[in-house]
Amino acid sequence: MRLRALLETDALGLRLLGGEDELDRTVRGVMTTDLRDPSRYLSGGELVLTGLAWRRDAADSEPFVRILAGAGVAGLAAGEAELGDIPADLVKACLHHRLPLFAVHETVAFATITEHVVRQVSGERAGDLAAVVDRHRRLMTSGPAGGGPEVVLDLLTSDLDLRAWVLSPTGRQIAGAGAPLPGPLGAALAGHHLAATRTGRRGPYRAAVAGTTYSLFPIRNTGRGAVPAARDVRESVLSDWLLAVEADASDWPAARLDLLQGVTQLIAVERDRRDAARTVRRRLAQEVLELVQAGAAPAEIAARLRVAAPVLLPGLGVAPQWQVVVARVDWSASGQGAAAGDIASGPVAQALLEEILVDPAVSGPDSADRIAVAHTGEEAIALVPLPAVITAPAEPGEGEEDAAAGADGEDADALAGEPGLHADALLASVREPLSAGLADDGRLTLGVSAAVHSAEGLRGALEEARHARRVAAARPGRVCAAGHHELASHVLLLPFVPDDVRRAFTARLLDPLRDYDRRHRAELIETLEAFLDCDGSWTRCAARLHLHVNTLRYRVGRIEQLTGRDLSRLEDKLDFFLALRMS
């Protein structure tokens, strides 16, 4: 379709401010953005819609328009709702770069223009799909009649015989047509999507899971809830949704690919609505956090909690207990994109923690409406009323490795009877996809406090959660968590040992054993770990390793000979135990 056709559609409320000679440009799509540099999301031919939130002063217009013109967009439409009249500097910049500029009347929603362009473009390119596109308007309808994302997914199933699901970055189902997607399958698809995104490839991504092929379409969060001015894929990779379609899109015609891209744009509008709804909860969490960190009087904090409780716990009024969860995402140096220190990790950790804290038994875009998360610096801090999320114990046989890596020192039976959040359970279902998104240069660490019953306890709970997160950070792995129970253990001390001391201590004790294992394949490290786990019991250790006791005695003797230590002495056992923990 042509820009001229949009201008002639009265219902769209467009007014031409410049570029009359360019109205025959072809529109191939539409994108809504408030990013200062949206170039990474542009492929050319789009009508760009903006609310002008990126503009701080007149000097910002020229670089913004230059980026759009360089990307080959068809035109720019600016909303009048934010600033009233369109700024003269933006009009001048568009005239200079020969970019058609439209004003959008404040009574016209961007969603209306988006739906119209998607319908027209898809209808022109794929006549047999026009009926499907025409019915997408229901997705944008407010209230129960609209049906949300499920409506468009139902249409894909009924009209195109395509099964599709909208998934969060952890693989949680947000919307779907027909039977729900099994949790492990959703996590696997999210992992494929995050790994492909980190490579910089353009979607859709092809993924084969359990003998079935899926095509994964990114749903870019480019509205006001997006990470501002993202310069690096790491700033958004852990917060974007995806559309998973049970089909191989590699041989699809361009018309069908365009239709699915239009669907992702419509769902992105729904995502932006969901993020806008979180604003109140985030503000409440920020206010409580500022009071706690400033050492405000308990009565003042309690008053703020009374304001927050009805929002987070509608119908209950007051939360009997609260927990604090602290999360942090850290990036190491990378050869691509922004330097690790320049990446805005706080908002990423905030969005990620909001997702992690959602009850896994609940689906839908608004299932996090009882979670308040703020961010300060590089940390995200969640204030969780206990009745909002009760994490069920993992099924037998599930998460055994997670428990070993994330809950050392905790008595699982004791924890199972306690209400509230458990550190190991929080990450059990999301570790795999998030590890793929973090790749080789990112880490997520998380700490959980004990439950507190009053405002007086929140300051201590915050410090407890922060200490637990530092304990998690001392562990190996891309995704690690620690709970308050572990703060009474020796592991509390490990994060505060300087790195050079840790390296020297572990090298002195373990390097001789590692070198011997490499040369002789003797498995001395494995033997040492099992011997300590069995509390020095020769019989139990031999049974665990499937060895004869005499063979075990030979290996332990070799360990003592190589290290000069005596494994019958408590002090030497403890040194080996700590060295293995810190390695």
So do the side chains of [X] and [Y] get within less than 4.5 Å of each other, counting heavy atoms only?
X: V324; Y: V452; value: no
X: L444; Y: L238; value: no
X: W165; Y: L185; value: no
X: L52; Y: P87; value: yes
X: Q173; Y: L167; value: yes
X: F217; Y: V263; value: no
X: R55; Y: L90; value: no
X: I113; Y: T32; value: no

Atom [atom1] of [X] and atom [atom2] of [Y]: how far apart are they, to the nearest 0.5 Å?
X: L305; Y: L458; atom1: CG; atom2: CG; answer: 5.5 Å
X: W241; Y: I174; atom1: CH2; atom2: CD1; answer: 4.0 Å
X: L353; Y: I381; atom1: CG; atom2: CD1; answer: 9.5 Å
X: L243; Y: L156; atom1: CG; atom2: CG; answer: 7.0 Å

With sequence neighbours excluded, what pairs up with F64 under the ring pair (Phe, Tyr, Trp, His ring centres under 6.0 Å) test?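 F64 satisfies ring pair (Phe, Tyr, Trp, His ring centres under 6.0 Å) with W54 only.
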Residues which pass ring pair (Phe, Tyr, Trp, His ring centres under 6.0 Å) with Y205, listed by chain and number, not counting sequence neighbours: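 Counting only residues at least two positions away or on another chain, Y205 forms a ring pair (Phe, Tyr, Trp, His ring centres under 6.0 Å) with H193.
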For R163, salt bridge (Lys or Arg N to Asp or Glu O under 4.0 Å) partners two or more places apart: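 By the salt bridge (Lys or Arg N to Asp or Glu O under 4.0 Å) rule, R163 matches E246.
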Test of understanding: with salt bridge (Lys or Arg N to Asp or Glu O under 4.0 Å), list the residues that count as partners of R328, not counting sequence neighbours.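 Scan of R328 (salt bridge (Lys or Arg N to Asp or Glu O under 4.0 Å), adjacent residues dropped) gives D330.
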Is it the case that the side chain of Q350 and the backbone of V373 share a donor-acceptor pair, with hydrogens and angles ignored and the cut-off at 3.5 Å?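 Indeed, once roles are kept as given, a pair shorter than 3.5 Å links the two residues.
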Is a donor on one side and an acceptor on the other found under 3.5 Å between the side chain of E464 and the backbone of A450?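 Yes, the answer is positive, given that a donor and an acceptor are paired below the 3.5 Å cut-off.
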Run the side chain to side chain donor-acceptor pair (under 3.5 Å) test against [X] and tell me which residues pass, sequence neighbours left out.
X: T170; answer: S168, E355
X: E456; answer: S454
X: T264; answer: none
X: S39; answer: D37

side-chain contact (heavy atoms from CB on, under 4.5 Å) for R443 and S332? Distances and angles first, verdict last. CA-CA 9 Å; R443 290 198 75 204; S332 58; over 6 Å; no
Counterpart residues, side chain to side chain contact (heavy atoms under 4.5 Å, CB included), relative to [X] (two or more places apart):
X: D440; answer: R478
X: A349; answer: V329, A380
X: A195; answer: A436

Donor-acceptor pairs under 3.5 Å, side chain of residues 284-293 to any protein atom, not counting sequence neighbours: which ones?
residue	atom	partner	partner atom	Å
E287	OE1	R304	NH1	3.1
Q293	OE1	R466	NH1	3.4
Q293	OE1	R466	NH2	2.6

